[in-house]
Amino acid sequence: MAEASKRTKASSWGLLSNYRYLCKKPMMIRAMESARAKKKRQQKIMIADMKRKRTDSNNEPLDTNKLIKKMKSSDTEQESQNTLNSENKSTDVSKAGLSVSKSDRQSLVTALRDSWEVDSGFCSEASPPASGRSSPCLSSCPTTVVALDCEMVGTGPGGRRSELARCSILDYHGNVLYDKYIRPCQLVTDFRTRWSGIRRHHLHNATPFAQAREEILSILEGKVVVGHSIYNDFEALDMLHPSHMVRDTCTTRFLSRLAGFPRERCPSLKILANKLLNRRIQVGRRGHCSVEDARAALDLYKLVEGEWEQELQNKLRDDDAPREPSFAASNHYMQDEYWPHDLIADGQ
């Protein structure tokens, strides 16, 4: 009888606990749904406030990271409160609650991205005020990298000789270090405005070539120079730059491979910028802009900077590696003047 009573009590307690659980479960689900609805309302209010502040502050860009952090902190507080209120919650319900909160957070981030469009520097036809790319893998110091582009005009009979008329130099971040119109040494017979963008009035108070050349050389000294078909610019500047300090985006195989072109092809800067940067340059009848072209070459370089610099470092390391002495290189040791005197005396 005692055992039967114990079994009856145990079964009754089990039924009672199941009944309590079944009663609590819909209550907990309703509490979670109301908490999520309240959180969504708070998020909508906060987003509306941030938009209003943005409008009041003359379109000042929003700090999306700070907003997401605030949302995450509010989510954490809400989850901790729900945890205290529902200590006896089942494992399945808790897993469902966690998955829903993650989906809500993801939808919030997506909404923020859709609401506030951040310009990456690649979507507009005009170049951004600074370089839109920042390489995650830097093998060279950014302070030693500059981008160069020059515009030339024609001098001499038929304008066949190219002379420098404008030079632009940008730092690694796309800021303009140097941008001047330069007066050629000879009389200009063809301004080549369709390509150069140079007109007669640009050269009225232009810097003389000799002075500009000294200024440019002082900036480029000791720098890694990035450009497209850059040896034409060096020729116009009448200068030689160390080959291991030159990054020509016209000849590198990395950009051609990335764009899907054959290795032996040397695509134009306009084609590469359109294909890889989704940026239209050199459009219209006003001619090229050396600042825009230099920035495009700089951003193309950043696309493949890591593997490009790594390949150059490996090549330099292989060139500097010690080589085994050849027979021809050791012939001079057979001459008597390089032998020790005591050995020469013993041999005699």
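Below, each value reflects all heavy atoms present in this structure, side chains not excepted, and no hydrogens, waters or symmetry copies.
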Enquirer: Cation-pi check, Arg257 to Phe254: give yes when NZ or CZ is under 6.0 Å from the six-membered ring centre and within 45° of the ring axis, no otherwise.
Expert: no
Enquirer: Looking only at heavy atoms, which two atoms of Thr155 and Val188 are closest? And how far apart?
Expert: CG2-CA, 4.0 Å
Enquirer: Would you say the side chain of Met239 lies within less than 4.5 Å of the side chain of Leu217, judging by non-hydrogen atoms?
Expert: yes
Enquirer: Is there a path of hydrophobic side-chain contacts, each under 4.5 Å between heavy atoms, that joins Val224 and Leu237?
Expert: no
Enquirer: Could you go step by step and tell me if Arg253 and Glu311 meet the salt bridge (charged side-chain N to carboxylate O under 4.0 Å, His left out) rule?
Expert: CA-CA 11 Å; Arg253 62 185 176 88; Glu311 183 189 59; 2.5 Å; yes
Enquirer: Do the side chain of Arg295 and the main chain of Gly174 share a donor and acceptor less than 3.5 angstrom apart?
Expert: yes
Enquirer: Please report the shortest heavy-atom distance between Thr189 and Gly156, naming the atom on each side.
Expert: OG1-O, 2.8 Å
Enquirer: Is Asn274 reaching over with its side chain to a backbone N or O of Lys270, donor-acceptor style, under 3.5 angstrom?
Expert: no
Enquirer: So does Asp190 pair up with Arg160, basic N to acidic O under 4.0 Å?
Expert: no
Enquirer: Checking Ile216 against Ile182 for the side chain to side chain contact (heavy atoms under 4.5 Å, CB included) test, could you report, in this order, the C-alpha distance in whole Å, the side-chain angles of both residues, the deciding distance, and whether it holds?
Expert: CA-CA 11 Å; Ile216 295 167; Ile182 299 167; 4.1 Å; yes
Enquirer: Quick one: is the NZ or CZ of Lys302 closer than 6.0 Å to the six-membered ring centre of Tyr172, and within 45° of its axis?
Expert: yes
Enquirer: So if I apply the side chain to side chain contact (heavy atoms under 4.5 Å, CB included) rule between Ser290 and each of Cys150, Ser168, Cys167, which one comes out positive?
Expert: Ser168
Enquirer: Sub-3.5 Å donor-acceptor pair from the side chain of Arg247 to the main-chain atoms of His244, do we have one?
Expert: yes
Enquirer: Is there a side-chain contact between Leu269 and Leu300 (heavy atoms, below 4.5 Å)?
Expert: yes
Enquirer: Under a 4.5 Å cut-off applied to non-hydrogen side-chain atoms, are Met152 and Arg192 in contact?
Expert: yes
Enquirer: Where is the tightest heavy-atom contact between Val291 and Leu170, given as atom of each residue plus distance?
Expert: O-CD1, 3.8 Å
Enquirer: Is the shortest heavy-atom distance from the side chain of Leu255 to the side chain of Tyr301 under 4.5 Å?
Expert: no
Enquirer: If two hydrophobic side chains count as joined below 4.5 Å and joins carry through other members, does Phe234 share a cluster with Phe209?
Expert: yes
Enquirer: Can you name the nearest heavy-atom pair linking Asp233 to His228, along with the distance?
Expert: OD2-O, 4.4 Å
